[in-house]
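In what follows, residues are counted from 1 in the order of the sequence shown. Atom set for the values below is all heavy atoms of this structure, side chains included, hydrogens, waters and symmetry mates excluded. Just follow the structure's listing: the first ligand is 1, and inside any ligand the first atom is 1. All of these numbers come straight from a predicted model, not from anything done at the bench.
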Amino acid sequence: MKQFEVPIIYRSPFITAIKKKRKELDKMKRDFAPTLLDFGPLQIFVARHFGFCFGVENAIEIAFRTVDENPGKRIFLLSEIIHNPHVNADLQEHGIKFLQDTYGDPLISFDELKSDDIVIIPAFGTTLAIEKKLNDLGLRAEKYNTTCPFVEKVWNRSAAIAKQNYTVVIHGKPKHEETRATFSRAAANSPSVIVKDMDQAKQLAEYITGGKRPDDFYSQFQGQYSDGFDVNIHLKRIGVVNQTTMLASDTQAIADFLKQVMINKYNLAEENVDEHFADTRDTLCYATNDNQTAVVNMLQTNADLAIVVGGYNSSNTSHLVELCEQKLPTYFVNSEEKIVSPKQILHYNFHTKQEIETSNYLPDKENTKILLTSGASCPDALIEGVINKLVGFFNSSKNVSDLLKNME
Ligand code: SF4
């Protein structure tokens with residue numbers, strides 16, 4: 001895979017060494033077991049795959065290169081380049097200004113833009129309407145477009161099923177930048193609707209089967225269906241795509257469920273199911289797949305707690321938290337600073353969307369086992385920071401440098 005140039009402050013020699021070693025031992029990426037970091041009284045099990053993905057490194061490289069190559073120019077980002085507060089703050093320190101918040105609400109009016117300004121499109125991509133707006137203003141958005149190719153792959157998949165007259169059902173978070181972008185592109189080609197979870201998939205199924213009054217669809221799915229969507233016509237042939245960072249098992253369950261609804265409604269067999277349901281397989285990206293599979297494998301280790309590092313508004317990170325929470329106490333932090341002391345930790349509850357404080361999060365026993373991972377937008381340097389902080393709480397005879405020496 002292509003190597004990107006991202007600022008050295010995001011790298012960690014220790015984590016790079018771990019990843020390099022695992023890669024050498026497992027070139028085909030078949031072993032998803034975690035890496036044990038044995039500090040004696042503290043054992044940390046680091047997931048096999050975590051941290052910056054292809055799309056994130058690509059976006060960061062383009063953004064910093066744009067700053068370097070354009071001194072004196074006004075540079076804007078449509079919104080956060082990725083969902084990591086440290087990276088976004090660094091870009092702002094380099095003079096980049098954000099035009100919108102993550103929900104698409106304006107921070108700076110587009111009217112203030114001039115044709116010689118630079119506007120960078122983030123890794124999530126953007127809507128056709130915004131792309132047109134930028135082009136109308138004479139801004140060459142395509143030159144500074146960091147849209148991840150794996151997001152574009154979903155757009156292509158949607159276009160392909162639209163061509164075959166399927167309605168596109170998008171499993172995603174309706175307000176997430178990527179889902180808004182995917183929806184806008186799908187809606188340009190075919191009727192489209194967003195379902196955010198299995199509950200909404202079940203509600204959609206009721207309109208397919210005739211269990212609900214068609215008129216209710218428009219209030220129930222307000223803001224989630226394309227213009228001109230006719231619930232009586234447009235739910236006869238459907239295909240499911242997803243926001244690339246959703247929970248793989250959720251997308252699969254929703255696709256399987258809707259497929260079965262179609263099979264029952266139209267009395268289909270496996271060989272003619274495509275008359276009403278497109279075979280899209282899942283459209284998760286490789287990083288989401290790898291990171292989630294690595295967490296599922298990491299959870300087979302008996303541990304006392306899990307720590308997941310990443311931006312609080314990061315979708316892929318929150319899904320890693322969701323997986324860990326099913327098995328053991330899990331703390332979602334965005335940096336080592338949140339691990340205040342051996343007794344106190346500040347962490348994000350993504351269900352209530354609040355940062356909370358928990359006391360006595362470390363077990364009161366001699367040997368502690370912690371599972372550790374991070375999202376696809378989290379710099380490895382933050383993971384090393386968390387490891388160092390935790391090691392400092394234990395009376396350990398080894399530190400990160402000792403383990404690094406053993407790896408060389
Ligand atoms: S998580 Fe996947 S789709 Fe999103 S930026 Fe990374 S590689 Fe691209």
- Task: Return the orientation label for the F217 and F229 ring planes: parallel under 30°, perpendicular over 60°, tilted otherwise.
- Result: parallel

- Keeping waters out of it, list the protein N, O or S atoms under 2.8 Å from atom 6 (Fe) of ligand 1. C53 SG

- Over all heavy atoms of both residues, which pair between T147 and F124 is shortest? Give the atoms and the distance, please. CG2-C, 4.5 Å

- Are the charged groups of D116 and R74 less than 4.0 angstrom apart, N to O? no

- Query: Heavy-atom count around K29 NZ within 6.0 Å, excluding the residue itself: above 12?
  - Reply: yes

- To the nearest 0.5 angstrom, please state how far the CZ atom of F350 sits from the CD atom of E355. 15.5 Å

- Taking all heavy atoms of F110 and all of L137, pick out the closest pair and write down the distance. O-CD1, 3.9 Å

